[in-house]
Amino acid sequence: MAMEVEASGTNGSLLPQEVAEVVEGGMAEGDGSRKADAMQGAETAAPPQQNGAGIDAKDENQAEAGYSAGYVGAVSGVAETPGAAANPLVQKYNDYWKAVREDPGDFPTWTYLLSTVEKLEDLPRIREAFDAFLGEYPLCYGYWKKYADAENKYAGTDTAYEVYNRGVQSVPYSVDLWCHCVAFHQENGKGASEEIRRLFEQGLAYVGTDYLSHALWDKYLNFEASQENVLNQSQLYTRILGYPIKELNRYYQSFKDFAAQHSATDLMSDEELKQLKTQVEQKKQESKMAGTSASTAATPAQPPPPQQEEPTGTEMEEDTTPPEQDATAEISGGEVVEGNGMVEGGTTKEGGEEAIKTDETAQQESMEVEPCPPGAETEEIEVSLDEIKEAWIQLRNSLFETASEELGKRRPFEECIKRPYFHTKPLDSVQLQAWAKYLDYMEALPDASPETVTVYERCLVACACYPEFWKRYVRYMEKSDVERARGILERTTLVHCKSKADLHLFAAHFDERHGNAESARKRFKHVQTTLAPRMVSMIVQFVNFERRQGNLEAACSIYSECIEEELAKESSETCAFLCIQYAHFLSQVVADHRRGREVLDKALAAKPASKALWEGAIHFEECVWKEDSVARIVELYEKCISKPKLPEEGMSQEDREEMSLRFIDFVDMHCDAAKHAEAEGKHATAFPSTMGCSESRKRPAASELETAPAKSGRTGMEAYAGMQTAMQAGQPGGTAVQAAAAPPNTMQAQSYYQAQPQQTAAAAQQYAQYAQYYGYSGYGYTGYGY
């Protein structure tokens, strides 16, 4: 299957002698460590991954899907053939198959399997193993190359070519894989020069602006060197100098040497040469006009003609000639016009009534018409080829300066990214933070959507196992292209993060927002039945989804089914939360308080030892708060603090004691004095240790409230006296004095708060959960509730 992408602008270029050739496998010189890391054995990490620039329209769907589904084989073992049992590699092969069947996410075992199958030299087994592995981890470009090499060795170049096609469709933003693909075509003579150029252009459409794309650009330039096409080479340099890539300065130096070796007619097409010539001519004409204007402005202005003195009275008397017979003369081309209309030499003005111009009018007309210098209108501006070449170079210099400035802004992010390729091992926090800030910077750029997509795609190679980056990419793409955002979601939920329940829930909400409720429901059910059946946040989100769809009965059935399953278990961490959440749902959404109480009563009858359920039931009545709520809450408190006949039929002594103290506070606020006294009396009878040890319970809290400045403010004698009194009482310093100063009724009233420091860590945690139980974090059910 041939890959088709039309060449975008240029065909090729030639690198100077000093530019290093791309070394074996597509790694550029200076990237030796990356090459060694990429091509290590099957027992080591997945090889490096590079990424790139645009999206090919024809292969967009395949690229977004992340893999070619038709080539993903099923994970299954291979039955041994007769006589094969003697080969220990076959036994290892089957053992590894069994391991990856049980756990497809076991990356090291996959690498052992591939290493073993390569030694077997059995093409059907090689195909089965590589197809299954690359279906799970399509971003491991090094294994695509291994697969293609095996096909080339055992089946020929045609099948190897198909494997490379599948590889670049699965991981189109890999610079290294494109380098291997092009090198394979060149080495095996697959396709003519135009076919090779189309392959280069297809790869550069994805990775041309990649920070590490110099390996592919080098191969393209060297290819055009072999074709001796200087024009294509110059056009390639023009494209490269506009991208902020790592080797930008090296390319700029190579460009200057290259331009110095060729004439203008070699460096540009006839059309470009003609356009540049016109531009240079216009600039020279503008410069000349600007110089003429400047010289005119520098010439001193001519003084105005002297004004004639007005005639005196005597002269006016002597001048009695009528106006029509005035002897005023008009100087016109050397002729003198007399007052009688005759011109020297016998010429007569018809009628003698020709209009006579004054000196001022004549001067104004002479100023309006500036005579052009002889030959100025027909003078042509000469433009040499060197001038055109200089203008052409200046345009490239401008591109380089702009790209260099942008490179300086991106380099700090790139230098923090030490692992730009895929691996299942987690990234360190420095690299994760660098990617996040890099994306912040790219999203803030105006009109940088293609380059931002490139950075996102590069990020999602190195961070393919991190759902937060996939979610961010979908949100970014959703603003401009919903279908492409959906393709990104499919790629991550089907391949890269298919076991991440939170991503499937995110995808369900995406489908719901865009009107595909049925697809969203399928995603919720997939998480519920396959990925995380007891994930509390999933259950709540599923219920709320059905509520938004108007299916209240379906929402209630989801809660009911899950609660029934949890109540049937001997111990459940999620039962209390689900019951409380369902009760509030019935009360607030369905507006059925009675059903909410029934849910909690049923749960308390099945789980009477659950402190969280008792707290939730009391809180439910506080939220509803009807006329009978006080009586209902008093009844709940009395039930939960009563001593059970059997230990499993009630809460522990510590929990009942705590609930009894809360009951005292409640009746003090809502009941009369008699009920308050009754509650205190029952507490004193059931838990005498609380009343008798109130002083000792208070002291740790009081000592903690005493700040360092207060302690240091006591004089030495005061401290000594406190110590002496404490020693006599057998208590820590100052305790006896403070205890004696406190009235007995104060000590008794504070008994609830005094008991708090004596709680166990578990009790304190449960109390914190009660205080904020209404959120998911209240009971700690933020993850998988197994």
Side-chain angles (χ1 to χ4, degrees), residues 5-19 53-54 192-198 200-201 204-205 208-209 213-214 216-245 247-292 375-406:
V5 169
E6 293 299 330
S8 56
T10 66
N11 293 329
S13 172
L14 171 64
L15 268 180
Q17 293 290 335
E18 66 271 19
V19 178
S193 58
E194 289 302 321
E195 181 67 22
I196 299 297
R197 285 192 181 97
R198 282 196 294 270
F200 272 118
E201 290 297 335
L204 291 172
T209 59
S213 61
H214 52 272
L216 189 58
W217 284 112
D218 286 346
K219 294 187 75 67
Y220 200 176
L221 289 168
N222 282 290
F223 168 75
E224 292 299 343
S226 65
Q227 302 297 312
E228 299 181 356
N229 195 324
V230 177
L231 178 59
N232 288 351
Q233 185 178 359
S234 68
Q235 291 173 342
L236 278 180
Y237 272 119
T238 300
R239 295 165 63 186
I240 294 172
L241 294 178
Y243 297 144
I245 60 179
E247 300 292 331
L248 180 63
N249 291 330
R250 172 170 68 86
Y251 284 120
Y252 180 62
Q253 295 299 325
S254 298
F255 163 73
K256 291 194 296 185
D257 296 339
F258 166 77
Q261 299 172 5
H262 301 280
S263 64
T265 55
D266 295 333
L267 294 172
M268 60 194 83
S269 63
D270 294 339
E271 183 179 356
E272 186 179 7
L273 184 66
K274 184 178 179 180
Q275 291 177 352
L276 276 178
K277 181 179 179 181
T278 303
Q279 293 176 7
V280 173
E281 288 177 349
Q282 291 176 352
K283 289 183 179 180
K284 294 184 72 173
Q285 182 68 31
E286 291 172 359
S287 300
K288 185 173 182 179
M289 294 297 294
T292 303
E377 297 180 355
T378 60
E379 181 180 359
E380 294 183 359
I381 298 177
E382 295 183 359
V383 177
S384 65
L385 290 176
D386 290 338
E387 290 176 318
I388 297 175
K389 180 180 177 180
E390 183 63 26
W392 182 82
I393 292 176
Q394 288 299 324
L395 292 175
R396 275 66 188 166
N397 290 340
S398 177
L399 287 175
F400 167 75
E401 291 172 1
T402 302
S404 182
E405 181 180 358
E406 180 64 21

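Along the sequence shown, residues carry numbers from 1.
In this structure, CG in Leu385 is found 11.5 Å from CG in Leu276, a value given to the nearest 0.5 Å. Atom-to-atom distance recorded for Glu281:CD and Glu387:CD is 10.0 Å, nearest 0.5 angstrom.
Between Tyr251 and Tyr237, the ring planes lie perpendicular to each other; the angle is over 60°, past the 30° to 60° tilted range. Taking the six-membered ring where tryptophan is involved, the planes of His262 and Phe258 are tilted, since the angle between them lies from 30° to 60°.
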Steps toward salt bridge (charged side-chain N to carboxylate O under 4.0 Å, His left out) verdict (Glu201, Arg198): CA-CA 5 Å; Glu201 290 297 335; Arg198 282 196 294 270; over 6 Å; no

Could you walk me through whether Tyr252 and Asn397 pass the side chain to side chain contact (heavy atoms under 4.5 Å, CB included) check? CA-CA 9 Å; Tyr252 180 62; Asn397 290 340; 2.9 Å; yes

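With sequence neighbours left out, the salt bridge (charged side-chain N to carboxylate O under 4.0 Å, His left out) criterion links Lys274 to no other residue. Checked against salt bridge (charged side-chain N to carboxylate O under 4.0 Å, His left out), Glu272 has the following partners two or more places apart in sequence or in another chain: Arg396. The side-chain hydrogen bond (donor to acceptor under 3.5 Å, both in side chains) search around Thr265 returns Ser263, not counting sequence neighbours. Residues satisfying the side-chain hydrogen bond (donor to acceptor under 3.5 Å, both in side chains) test with Gln394, not counting sequence neighbours, are Glu390. Residues meeting the side-chain hydrogen bond (donor to acceptor under 3.5 Å, both in side chains) test with Asn249, sequence neighbours left out: none. Applying the side-chain hydrogen bond (donor to acceptor under 3.5 Å, both in side chains) criterion to Tyr243, with sequence neighbours excluded, gives no partner residue.
Between Glu382 and Lys284 no salt bridge is recorded (no basic side-chain N to carboxylate O distance below 4.0 Å).
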